[in-house]
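Structure, as structure tokens:
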Amino acid sequence: MRKLCHGLTPLLVMAMLLLAGCSDSPAPVSDSGDNEKPSYPVTWRFALEEIEGSVQHRYALELKNRIESISDGNIVIDIFPYGSIGTSLQLTDLAQEGSVHLAFASPGHLADVIPEVGVFTLHYLLSDSEAVNRDILASEELMQLFREPYAEQNLKLLGFVPEGWMVWTANKPLKTPADFEGLTIRTMASDIAAEAYKAYGATPSPAPFSQVYSDLQLRRIDGQANPVFAIEEMGFYEVQNTMTFAKPAQFVSSVVSNKTWFDALPEDQKRWLEDALDEVAPLAYEVQAELNASRLEVIRENSSIRTVELTEEERDRFRNASLPVRQAYIGIAGERGEAILEQLREMVDEAEAETPAPGATSQ
Ligand code: 6CS
């Protein structure tokens, strides 16, 4: 597994960003202010919560290529993979204060700052159908629900990116909620991410992504949850003996920018960014499907890890045990969170009613 740095102070991060060759001002608002004529090329910094080769990295490379082409080379994107700057929460901090222009911000961590977004950590809320989830995540209706909560944190929500089903790893199969009892499970940083596993009787241990491998290796924790591609590239399968496929939730991330910076962008730069985001959005679905499938093969080739797929009956037990967590979410995210949860449920129900079940033939 690659060495990752975390726990860096914002000042050190700023110095690193400047040393990394970002010769433009670290305060993004002044990069291309309202009345100034920008001096091209302009460099935008894009910070990732994942390492090179990941879903986020592939997405960032696509965005970079597209915007560089759409803008005729006027915009250049500098990508900072995980480990080069800081933890997820530190990246959010840097995006909020403007040291990075673009960043990935995953709800499991981000809910610490924007509680409403914790809705994506709830188990068995989105559909079992990836097509339904795909339509919902790409919809303007969903974006509309979250614009304000992000904006209040000086973040501009640019899109949601699905990264695949969460898969549980541990040193035993996790086939019933009772199997979680007594286990210490690593969760992402927010309180709501921890609640999901408390509901199964586990002890949550919130930690940054970079700490998970060593915590598993040193047996400070017993298990964790992540999509297959991440389990492979972070090496978690090397220190766990079972992967349980329960499809509790999709790992959903969001792409954000500093809002003050975005609002001050010249119109043509805004359009280039929006066009590039539109072009990249459908690719993210293909990339995550391809990476999650191919990395499972890599894991199987390189280990004797056991894979366990839960039956619908077994999944139902987890679904039932997870339902009280929705109340905990409302307690944390308040009235606006409750409205978001309700609307998301309606969106899933409506979309499922319109989508034929797999194998169904149209009459
Ligand atoms: O578990 C985590 O913390 C991380 N997992 C993924 C797949 N992406 C970023 C996130 O920080």
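Both ligands and their constituent atoms are indexed starting at 1 by order of listing.
The two residues Val228 and Val167 come nearest to each other via the heavy atoms CG2-CG2, 3.9 Å. The two residues Tyr124 and Arg319 have their closest heavy-atom pair at CD1-CA, 3.5 Å. Contact record, Gly182 with Asp222: O-OD2, 4.0 Å, taken as the closest heavy-atom pair.
When heavy-atom distances to ligand 1 are checked against a 4.0 Å cut-off, Glu49 comes that close through both its backbone and its side chain. Heavy atoms of Asn226 found under 4.0 angstrom from ligand 1 belong exclusively to the side chain. Using a 4.0 Å cut-off between heavy atoms, Phe251 contacts ligand 1 through its side chain alone, with no backbone atom that close.
In this structure, the protein non-hydrogen atom closest to atom 2 (C) of ligand 1 is Phe209 CD1, 3.3 Å.
Among the atoms of Glu50, some N or O lies under 3.5 angstrom from an N or O of ligand 1. Here's the thing with His109: one of its N/O atoms is less than 3.5 angstrom from an N/O atom of ligand 1.
When atom types are taken as modelled, the side chain of Thr244 and the backbone of Leu174 share a donor-acceptor pair closer than 3.5 angstrom.
With sequence neighbours left out, Glu232 forms a salt bridge (Lys or Arg N to Asp or Glu O under 4.0 Å) with Arg295.
Arg186 counts as a contact of ligand 1, since one of its heavy atoms falls under 4.0 Å from the ligand.
Set against the non-hydrogen atoms of Pro227, the atoms of ligand 1 under 4.0 Å away are 7 (C). The Ser88 neighbourhood of ligand 1 comprises atoms 11 (O), with distances under 4.0 Å to a heavy atom of that residue.
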Show, in sequence, the C-alpha distance, side-chain angles and deciding distance for Phe209 and Asn226, and conclude whether the side-chain contact (heavy atoms from CB on, under 4.5 Å) test is met.
CA-CA 10 Å; Phe209 200 28; Asn226 254 300; 3.6 Å; yes
Result block: side-chain N/O donor-acceptor pairs under 3.5 angstrom for residues 102-111, not counting sequence neighbours:
residue	atom	partner	partner atom	Å
Ser106	OG	Glu49	OE1	2.6
Ser106	OG	Glu49	OE2	3.4
Ser106	OG	Ser253	OG	2.9
His109	ND1	Ala189	N	3.2

